[in-house]
Number of protein chains: 2
Amino acid sequence: MAKSIKEIAQELNVSKSTVSLVINHKAERARISKELESRVLAYVEKVGYKPNALAKSLATGRSNTIGLIVENIGDSFFGPFALYVEELFRKKNYHVLYSSTLGDPQNARDIIDSMLEKKVEGIILAPTVDLEEYQRKILEHKVPLVVFDRNSPTVETHYVHIDNEVSGKNACDYLKSIGCRNFGLVTIDSDQPQMLARKRAYLAFCDTYGMEPRILQLPYQHLKQKGSRMLKNWAAKQVGLDGLFFTTNYLCILGLKVLRSAPENSYNFPMFSFDDHELFDILIPKISCIQQPLEPLAKTCVKVLLKEIDQGISIPKEYVISTKLIKR
Amino acid sequence: MAKSIKEIAQELNVSKSTVSLVINHKAERARISKELESRVLAYVEKVGYKPNALAKSLATGRSNTIGLIVENIGDSFFGPFALYVEELFRKKNYHVLYSSTLGDPQNARDIIDSMLEKKVEGIILAPTVDLEEYQRKILEHKVPLVVFDRNSPTVETHYVHIDNEVSGKNACDYLKSIGCRNFGLVTIDSDQPQMLARKRAYLAFCDTYGMEPRILQLPYQHLKQKGSRMLKNWAAKQVGLDGLFFTTNYLCILGLKVLRSAPENSYNFPMFSFDDHELFDILIPKISCIQQPLEPLAKTCVKVLLKEIDQGISIPKEYVISTKLIKR
DNA sequence: TATTTCTACTAAAACGTATTAGTAAAGATA
DNA sequence: TATCTTTACTAATACGTTTTAGTAGAAATA
């Protein structure tokens with residue numbers, strides 16, 4: 001159906017080389033006459049010829065595709081982040097091949113393998129746990145890599161992130177400032193470094209002010225069913241609890257659903273979220289939060305990756321984006 | 001860096017063909033001896049050889065990639081939808097190349113062109129307006145196409161959607177049942193068929209019950225700034241307004257922000273959304289809505305597309321997924 | 001006029017795979 | 001022993017591009 005460069009050449013009675021050179025704006029350099037150049041151009045336009053990108057990539061070694069690996073494209077952090085990334089790359093004529101790991105390392109490994117096989121020119125990755133080996137693999141393949149949101153401390157990569165520890169401290173200080181004296185932490189049962197950092201901040205706060213730590217770790221798998229029950233039971237047992245710090249927005253949402261919609265509505269204390277959400281400012285009461293600025297985050301990832309692609313792989317660096325505490 | 005089949009062959013002192021046949025499980029058919037087969041397999045495993053997917057696709061004509069074109073991957077309808085799609089295709093060993101049109105036909109056309117150039121094996125598309133020609137182009141290239149959410153009536157494609165007119169009628173009936181006698185419609189100023197159908201349902205309802213139609217159309221571009229102002233001004237002018245029917249969830253959210261957070265809080269009537277949102281059930285008052293079942297929607301799209309890919313392009317059909325009215 | 005330089009192209013090789021037709025050697029048949 | 005089959009492979013071609021080295025003819029130089 002789609003014509004090849006060979007057919008175009010035959011129909012014009014010229015060589016494939018000529019057509020290829022003209023199409024790629026190398027006519028001048030190759031001393032193709034203006035006359036022939038415009039004849040080729042006109043014909044190509046007329047029949048709507050488009051080169052086969054696979055063949056082109058194979059020949060040039062450039063796929064014009066980058067891989068974006070997130071935890072869950074459907075969630076309110078990674079989804080909008082992905083949109084920014086896509087838009088930024090579109091401007092540079094790159095396409096984005098995305099995939100969600102859902103937190104499963106095996107998914108992540110499969111995704112990475114097939115992205116490497118498809119010869120992506122770079123990868124932006126929010127790693128799962130146990131992914132050190134595969135991050136090294138990416139680097140061994142000389143594919144530029146930028147890691148964001150969380151990293152794996154034992155492998156050196158460019159790393160774009162927020163300062164979780166400082167942000168977590170700010171969150172605790174804020175809760176204290178509005179009167180909470182016995183607030184707990186609800187987090188996820190994984191060893192993702194950013195979650196650990198948020199927990200560390202909370203523990204440090206407890207230590208400083210002599211507050212008794214109350215921590216609940218919920219399972220990422222089947223969070224909705226299992227997590228709801230666990231949270232309900234846990235909360236019922238806490239005496240004197242006067243606030244909750246959730247380490248992600250989806251945990252906070254779960255908390256709101258489980259605790260606020262309880263008929264007695266007995267949990268009338270402040271709930272604070274790490275990560276904003278588009279409806280947090282119209283809930284009653286409104287939800288204060290740590291806001292990760294998505295656009296700067298995305299911009300930095302893209303900028304760093306493009307630089308690696310254009311100028312070759314460089315020594316890994318860290319890029320820290322500062323967060324905002326939104327008081328509501 | 002990455003080894004090619006040629007190098008593998010040389011190192012094993014066999015031909016490229018042998019290696020290729022073994023790798024693709026055609027050893028038996030090609031009468032390669034068991035002994036040699038396992039020797040090749042072992043070596044391939046040992047050096048971690050992975051075929052170059054671009055070359056493979058070029059040779060076979062199969063890219064194992066499908067294109068997903070949505071309006072906005074960051075929003076709460078398309079994001080989770082995309083996750084389902086991705087998961088379903090992953091199981092069948094396909095990868096998803098996604099892109100957001102942001103409602104701009106020129107974006108959509110560029111995206112379609114480059115997906116065709118990359119030889120995707122099928123496309124799932126939520127079309128923008130003015131995209132008829134390009135949908136025909138996809139079909140002319142013999143690439144299977146499934147359109148969802150909205151379609152372009154003048155081009156025949158497989159079309160997966162909900163019944164917007166019936167759903168719209170149900171929404172109006174519901175508002176009537178809870179006592180609204182003068183509710184308005186807030187929609188978007190585009191000619192997307194699904195939006196028009198929702199509006200038609202509202203107008204028909206007005207006609208049936210002699211209710212005076214009050215319709216506000218907001219611009220998709222710069223919705224947040226412009227739309228907020230327009231909505232505020234419009235609402236202020238409506239006397240006796242006792243309810244609002246928003247034709248999308250992001251419009252409803254805008255409505256909630258603009259009207260509910262008004263200090264006077266003078267707009268204390270029911271607001272109804274077309275499309276659910278994860279926080280609608282913890283707002284006070286809760287938001288009732290028409291719920292589009294994402295998973296069946298995604299499953300149907302994927303199933304239909306896979307069938308087209310496997311069994312060849314067939315006569316276009318419509319697939320109607322029924323909605324649920326969620327009363328809260 | 002013999003040599004060099006330009007002009008305007010093209011032939012050929014390469015990218016890494018899949019596939020089909022072919023082939024040499026061994027075994028079976030008559 | 002001459003022919004046919006079977007076994008176990010391989011050579012060659014194709015997929016659709018890019019790119020570099022090459023070339024024939026015209027123009028310029030000496």
Side-chain angles (χ1 to χ4, degrees), chain A residues 1-41 44 47-65 114 116-121 141-142, chain B residues 1-41 44 47-65 114 116-121 141-142:
Chain A
M1 189 85 270
K3 294 208 181 199
S4 74
I5 213 173
K6 186 173 161 191
E7 298 172 89
I8 300 283
Q10 282 170 350
E11 291 160 19
L12 281 170
N13 270 317
V14 298
S15 74
K16 296 190 295 174
S17 324
T18 303
V19 178
S20 175
L21 289 165
V22 168
I23 288 171
N24 292 295
H25 309 106
K26 288 175 183 162
E28 187 146 16
R29 159 145 53 109
R31 304 173 186 285
I32 308 286
S33 66
K34 284 285 170 204
E35 183 271 329
L36 180 52
E37 180 182 12
S38 47
R39 201 150 57 86
V40 171
L41 247 23
V44 159
V47 303
Y49 164 77
K50 299 278 180 182
N52 178 323
L54 297 173
K56 192 165 184 160
S57 295
L58 185 59
T60 58
R62 310 213 50 183
S63 64
N64 263 63
T65 303
S114 71
L116 291 177
E117 287 166 29
K118 291 200 169 147
K119 304 296 165 187
V120 296
E121 291 186 36
H141 280 249
K142 307 281 183 221
Chain B
M1 190 85 269
K3 294 209 182 198
S4 73
I5 214 173
K6 186 174 161 190
E7 298 172 271
I8 301 283
Q10 282 170 349
E11 291 160 19
L12 282 170
N13 270 317
V14 298
S15 73
K16 295 190 295 175
S17 322
T18 303
V19 178
S20 174
L21 289 165
V22 168
I23 288 171
N24 292 294
H25 310 106
K26 289 175 183 161
E28 187 147 16
R29 161 147 49 112
R31 302 171 185 286
I32 309 284
S33 66
K34 284 285 170 205
E35 183 272 329
L36 180 52
E37 180 182 11
S38 47
R39 202 151 56 87
V40 171
L41 248 22
V44 159
V47 302
Y49 164 78
K50 300 278 181 182
N52 178 322
L54 296 174
K56 192 164 185 164
S57 296
L58 185 58
T60 58
R62 309 214 52 185
S63 64
N64 263 63
T65 304
S114 71
L116 291 177
E117 287 166 30
K118 292 201 168 145
K119 305 295 166 188
V120 296
E121 293 186 37
H141 280 249
K142 306 282 183 221

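Order of the sequence lines sets the chain letters (A, B, ...), proteins ahead of strands, with each chain counted from 1. Values below: all heavy atoms of this structure, side chains included; hydrogens, waters and symmetry mates excluded.
Heavy atoms only, all atoms of each residue included: Glu37(A) and Ile32(A) are closest at N-CG2, 4.2 Å.
When the side chain to side chain contact (heavy atoms under 4.5 Å, CB included) test is applied to Leu58(B), the partners found at least two apart in sequence or on another chain are Asn52(A), Ala55(A), Leu58(A). Under the side chain to side chain contact (heavy atoms under 4.5 Å, CB included) criterion, Glu121(A) pairs with Arg62(A), Ser63(A), Asn64(A), Tyr94(A), Ile309(A), sequence neighbours left out. Every residue two or more places apart in sequence or in another chain was checked for a side-chain hydrogen bond (donor to acceptor under 3.5 Å, both in side chains) with Ser57(B), and none qualifies. By the side-chain hydrogen bond (donor to acceptor under 3.5 Å, both in side chains) test, Lys56(A) pairs with no residue at all, sequence neighbours left out. Considering only residues two or more places apart in sequence or on other chains, Ala59(A) meets the side chain to side chain contact (heavy atoms under 4.5 Å, CB included) condition with none of them. Gln10(B) is linked by a side chain to side chain contact (heavy atoms under 4.5 Å, CB included) to Lys6(B), counting only residues two or more places apart in sequence or in another chain.
Using a 4.0 Å cutoff to heavy atoms of chain B, the contacted part of DNA chain D runs 5' to 3' from dT7(D) to dG16(D). When DNA chain C is scanned in the 5' to 3' direction for atoms under 4.0 Å from non-hydrogen atoms of chain B, the outermost contacting nucleotides are dG16(C) to dT19(C).
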Which donor-acceptor pairs under 3.5 Å do side chains of residues 17-29 of chain B form with protein atoms, sequence neighbours excluded?
residue: Thr18(B); atom: OG1; partner: Ser15(B); partner atom: OG; Å: 3.0
residue: Asn24(B); atom: ND2; partner: Ser20(B); partner atom: O; Å: 2.8

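Using a 4.0 Å cut-off on heavy atoms, the residues of residues 18-34 of chain B that approach DNA chain D are Thr18(B), Ala30(B), Arg31(B), Ile32(B), Ser33(B), listed by number. Less than 4.0 Å separates DNA chain C from at least one heavy atom of each of the following residues of residues 48-63 of chain A: Leu58(A), Ala59(A).
Considering CD of Glu11(A) and CG of Asn13(A), their distance stands at 10.0 Å, rounded to 0.5 Å. Rounded to the nearest 0.5 angstrom, Leu54(B) CG and Lys118(B) NZ are separated by 9.5 Å. Annotation: the span from Glu7(B) atom CD to Ser4(B) atom OG amounts to 4.0 Å, rounded to 0.5 Å.
Comparing the local axis fitted to the first five base pairs of the helix from dT1(C)-dA30(D) to dA30(C)-dT1(D) with the one fitted to its last five gives a bend of 70°, rounded to 10°.
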